[in-house]
2 protein chains.
Amino acid sequence: MEKVNLNQKFKLFSELWTPKIVGELNGQYVKLAKAQGEFVWHKHDHEDEFFLVIKGPFTVKLRERNILLDEGEFCIVPKGIEHKPVAEEEAHILVFEPKSTKHTGDVKSDLTVEKLEWI
Amino acid sequence: MEKVNLNQKFKLFSELWTPKIVGELNGQYVKLAKAQGEFVWHKHDHEDEFFLVIKGPFTVKLRERNILLDEGEFCIVPKGIEHKPVAEEEAHILVFEPKSTKHTGDVKSDLTVEKLEWI
């Protein structure tokens with residue numbers, strides 16, 4: 001049971017759209033991700049997804065509107081809702097979601113990472 | 001599905017050791033709490049607990065050592081582990097834990113809040 005410093009962890013990787021696992025609790029993972037550019041439209045049929053922005057801005061596009069998040073802001077995308085994360089410049093995100101969640105959800109994409117790494 | 005700004009939410013309450021619910025996902029709550037002084041020793045027999053410090057410092061005392069957390073740092077206290085949060089000055093914390101978790105765990109204290117409020 002060690003403490004985790006978010007900024008130190010973000011220095012350990014540079015890949016975009018490649019969540020790294022930094023914690024596990026109650027069947028959920030805490031993940032950190034760097035985002036820049038456009039991710040893919042996807043949804044998670046059975047899992048809600050929490051995005052907390054550590055370095056923004058970061059936008060969660062929905063089919064009917066956009067949620068623009070800056071540092072210190074979060075949103076929860078409920079299961080079944082299509083969404084597409086985008087960031088013009090490099091953004092840093094903390095994600096909580098069940099261990100079973102795939103980051104591209106029901107979509108198979110070049111961006112899909114099958115096995116996430118612990119850092 | 002609205003975004004939540006942590007600092008704005010922290011302005012909405014002043015009670016210490018009284019977690020406020022700000023989000024719900026996958027059977028878990030996201031809670032914000034203000035801490036100053038000493039909480040009670042307690043444990044959660046069935047739930048791991050995540051503490052992310054938004055404004056520190058904030059210490060999680062364990063029986064054999066202390067985990068000192070500053071802004072941007074988190075720790076996860078595994079189920080069954082006795083812990084006692086303390087903060088010399090007012091600290092702001094984001095907590096992520098199952099909806100069933102009572103903040104004083106297996107201990108009934110003057111600090112126990114039976115029904116948490118959504119803000």
Side-chain angles (χ1 to χ4, degrees), chain A residues 1-11 21-30 32 44 46-83 92 94-101, chain B residues 1-11 21-30 32 44 46-83 92 94-101:
Chain A
M1 186 192 345
E2 294 305 322
K3 75 173 177 182
V4 172
N5 180 295
L6 298 180
N7 285 332
Q8 284 176 10
K9 290 292 187 189
F10 276 117
K11 286 182 185 155
I21 303 169
V22 292
E24 178 178 351
L25 70 163
N26 306 306
Q28 320 273 311
Y29 279 143
V30 184
L32 301 182
H44 308 282
H46 305 292
E47 299 122 340
D48 310 317
E49 198 169 27
F50 170 97
F51 296 100
L52 171 65
V53 175
I54 307 300
K55 178 181 164 193
F58 176 76
T59 299
V60 178
K61 287 192 171 191
L62 307 174
R63 286 301 186 185
E64 76 287 4
R65 65 190 171 101
N66 296 335
I67 302 178
L68 176 61
L69 300 170
D70 222 322
E71 183 180 331
E73 296 184 327
F74 75 78
C75 76
I76 295 169
V77 178
K79 56 178 76 75
I81 300 290
E82 279 193 298
H83 57 287
H92 296 177
L94 181 150
V95 178
F96 282 134
E97 56 194 6
K99 291 172 71 172
S100 56
T101 304
Chain B
M1 190 195 338
E2 294 305 322
K3 75 172 177 182
V4 171
N5 180 296
L6 298 180
N7 284 332
Q8 285 176 11
K9 290 292 186 189
F10 276 115
K11 287 183 185 154
I21 303 168
V22 292
E24 178 178 352
L25 71 161
N26 306 307
Q28 320 274 313
Y29 278 144
V30 183
L32 301 181
H44 309 282
H46 306 292
E47 298 123 339
D48 310 317
E49 199 169 25
F50 169 98
F51 296 99
L52 171 65
V53 175
I54 307 301
K55 178 182 164 191
F58 176 75
T59 299
V60 178
K61 288 193 171 190
L62 307 174
R63 286 298 186 186
E64 76 286 7
R65 64 191 171 103
N66 295 336
I67 300 178
L68 176 61
L69 300 170
D70 222 323
E71 182 180 333
E73 296 183 327
F74 75 78
C75 74
I76 295 169
V77 178
K79 54 178 77 74
I81 300 291
E82 279 193 299
H83 57 286
H92 295 177
L94 182 149
V95 178
F96 183 61
E97 59 192 6
K99 292 172 68 172
S100 56
T101 305

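Just so you know, these numbers come straight off a predicted model, no measurement behind them. By convention in this document, chain letters (A, B, ...) are assigned in the order of the sequence lines, proteins followed by strands, and residues within each chain are numbered from 1.
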task = Determine the option with the most heavy-atom pairs under 4.5 angstrom with chain B, choosing from A:Ile76, A:Val30, A:Leu69.
result = A:Ile76

request  = With sequence neighbours excluded, give me every side-chain hydrogen bond (donor to acceptor under 3.5 Å, both in side chains) pair touching residues 52-69 of chain A.
outcome  = A:Arg63-A:Glu82

message = Please enumerate all residues that pass ring-ring contact (aromatic ring centres under 6.0 Å, His included) together with A:Phe50, with sequence neighbours excluded.
response = A:Phe74, A:Phe96

request  = Check side-chain hydrogen bond (donor to acceptor under 3.5 Å, both in side chains) between B:Asn5 and all other residues, then give those that pass, not counting sequence neighbours.
outcome  = A:Glu73

Side chain / backbone / both / neither for B:Val77 at chain A, heavy atoms under 4.5 Å = both

key: Region of B:Ile67 that comes under 4.5 Å of a non-hydrogen atom in chain A   = side chain

Structural part of B:Ile81 lying under 4.5 Å from a heavy atom of chain A = side chain

key: Toward chain B, the part of A:Leu52 with a non-hydrogen atom under 4.5 Å   = side chain

inquiry  = Heavy atom to heavy atom, less than 4.5 Å: which residues from residues 21-28 of chain A reach chain B?
reply    = A:Val22, A:Gly23, A:Glu24, A:Leu25, A:Asn26, A:Gln28

